[in-house]
Number of protein chains: 2
Amino acid sequence: MTSSTPVPPGRPRAFDIDEALDRAVLVFWSKGFEGASLDDLTAAMGISRPSLYRAFGSKEDLFHKALERYTEGLASYFARALAAPTSGSVAAAVLHGTVEAATMPGLPAGCLGVLGALATGDESRQVRDALIAWREEGTAHLTRRFQQAVDAGDLPPSSDPHLLALYLRTIANGIAVQAASGSSRAELVQVANLALSSWPKR
Amino acid sequence: MTSSTPVPPGRPRAFDIDEALDRAVLVFWSKGFEGASLDDLTAAMGISRPSLYRAFGSKEDLFHKALERYTEGLASYFARALAAPTSGSVAAAVLHGTVEAATMPGLPAGCLGVLGALATGDESRQVRDALIAWREEGTAHLTRRFQQAVDAGDLPPSSDPHLLALYLRTIANGIAVQAASGSSRAELVQVANLALSSWPKR
DNA sequence: GCACATCCGTACCGATCGGTACCGAAGGGG
DNA sequence: CCCCTTCGGTACCGATCGGTACGGATGTGC
C-alpha cells in the first residue's frame, strides 16, 4: 500500500507541514488575519517565507487551512455538541465547550472564528486595551447599578450584581458581532428578548 | 462673554472639527482602527493629512476622540439605560439599545467599542466574509438540530429553531469577545449557565 | 503695514507590508 | 552519472503604511 504515500519527486520537505500549520493557527488566533504579518508567521512556524508560499500558496490560503484545522481540532467540541441527546444538552455543550475552548490556559483567549478577522496586531495593542477598558467601564457601571437594585429590594438578595452585568455585556458583545455579520434588527430583538427572559424576578 | 471663545491667533481652521470627527467615527466604526488608513480618514473627513495631525495629534489620538464622541452620541443609550427604574428595565434598555444602535440603517453595523480593534480593512474582506460564513454554517447546523428536537417532541412545537440557534451563536460570540478581553473561565461558566436558564422546557 | 501665529496642502520620509526571482542543495528515475 | 523536480534561503520587488518638512496663504495684535 505505497499508493497512500507515493514518494514525490524532488527534494523532500524539511519540516512537518501539520506542525507548521498548528503554529500558524496560534498566530492567526492571537493576532487575527491582518495583524499576523508574514514575519510573525514564518518566525512561529520556523520556516522561510518562500517555503511558506510553496507549502500553503498564500497568506490567505494559509488562513483558510488554519481555520479548517482549528475547526477539526480545538473547535471540534461544536461537532460533538450537536450529537448530544436533547436540545438542552446541545445548548449546554455548545456554550460550555465555547467557554472551555475560549479560556484554555496556554492558548490564545477567545475563538479564532470570531477574532480571526477581528483581533489586532502588536502595533495597535494600546487601542485594543483602551477598548477593553471601555467595555470594562460599562460593566462596572452596570455592576454598581445592580448592586443598588439588590439594596433596594429590586433584585433578590441572592443575586450577583457582577454576574448580571457580565451577562448583559456578553449578550451585547454577541449582538454587536452578529449585527456586523449581517443579522437583522428583527432577529436580534428576538434574541435580546430571549436573553431577558432569564432575568431574575424580584 | 468673549472669554468662552477667545479668538485664537493665526489663520482660522477652514473645516468644522466636530463634523470631521463624526466622519472619522464612521470610518473607524466600519473598518476598525488598523483597517482605517490615513487615506480613508482624510478622504472621509475632507481634510489633508497634516490638517488631521494638527487638529487631532495622531491617528491614535483621533481614535480616542472618536470613541469619546461615539460614547456621548450614538452610544448614549447606555448612559440613559442606567437610569431606568428597575434592574429589569435597565437590562431591557441596554439590550434593546444595543440592538437598535447596532442595526441603524445607513450606519455601520455593530458597535464601535467591540469592532474598533476588531473590524477589518478592505484588503481582507474576503477573509472576513469567510469567517461570517463559518459562523453562519454553525448556526445552520444548530437550526437543523433544533428542528429535529421540535419534531421529536424534545422542544415545544411553538419553538423557533432558527431563533434558538441564533441565540446560542450570539452568546458564544459574546463569550469569545469577553474571553479575549480577559474574563476568567469561572466567570464565563456562570454567564453560560445563566444564558441556559432561559432555555425552553420540553 | 508689519510681525507673528496658525492653517493649508504638496511632496516627501523611512519602515513595513505581502509576495517573488533566483540559485544552490537534496532527493529519485533513467 | 546525469537529469529532473522540488525544497532551502537570501535578497529583492512595488505598494502602502503612519507621519512630517516646508513654503505659501490667511487671519489677529501692535
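Below, chain A is the first sequence line, B the second, and so on; all start at residue 1.
- The cationic atom of B:R144 (NZ for Lys, CZ for Arg) does not lie both less than 6.0 Å from the six-membered ring centre of B:F146 and within 45° of the ring axis.
- Judged as a side chain to side chain donor-acceptor pair (under 3.5 Å), and not counting sequence neighbours, the contacts of A:R23 are A:E19.
- For the residue pair A:E187/B:H162, the side-chain donor-acceptor check at 3.5 Å is satisfied.
- If you measure from atom CG of B:D16 to atom P of C:dC8, you get 12 Å, rounded to the nearest angstrom.
- For the pair B:D39 CG and D:dT16 C1', the computed distance is 9 Å after rounding to whole Å.
- Atom pair B:L52:CG and C:dC8:C1' shows a separation of 14 Å (rounding to whole Å applied).
- If you take NZ of B:K59 and C1' of C:dT16, they are 14 Å apart, rounded to a whole angstrom.
- Applying the 4.0 Å criterion to OP1 and OP2 of D:dC17, one finds that B:S37 has a side-chain N or O inside that range.
- When rounded to the nearest whole Å, the span between CZ of A:F63 and P of C:dG19 equals 14 Å.
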Pull out every protein N or O sitting under 3.5 Å from an N or O of nucleotides 20-24 of chain C, one pair per line with the distance.
{"from": "C:dG24", "atom 1": "N2", "to": "A:R11", "atom 2": "NH1", "distance (Å)": "3.1"}

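- Contact check for B:Q148 versus B:R145: side-chain heavy atoms found under the 4.5 Å cut-off.
- B:D18 pairs by the salt bridge (Lys or Arg N to Asp or Glu O under 4.0 Å) definition with B:R69, not counting sequence neighbours.
- Not a single donor-acceptor pair under 3.5 Å links the side chain of B:K59 to the backbone N or O of B:S37.
- At a threshold of 4.0 angstrom between heavy atoms, the contacts of B:S51 are confined to the sugar-phosphate backbone, with no base atom among them.
- The distance from atom CD of B:E34 to atom P of C:dT16 is 14 Å, rounded to the nearest whole Å.
- Across the protein-nucleic acid pair, B:D61 atom CG and D:dG19 atom P stand 9 Å apart, rounded to whole Å.
- What separates CG of A:L41 from P of C:dT16 is a distance of 17 Å, to the nearest Å.
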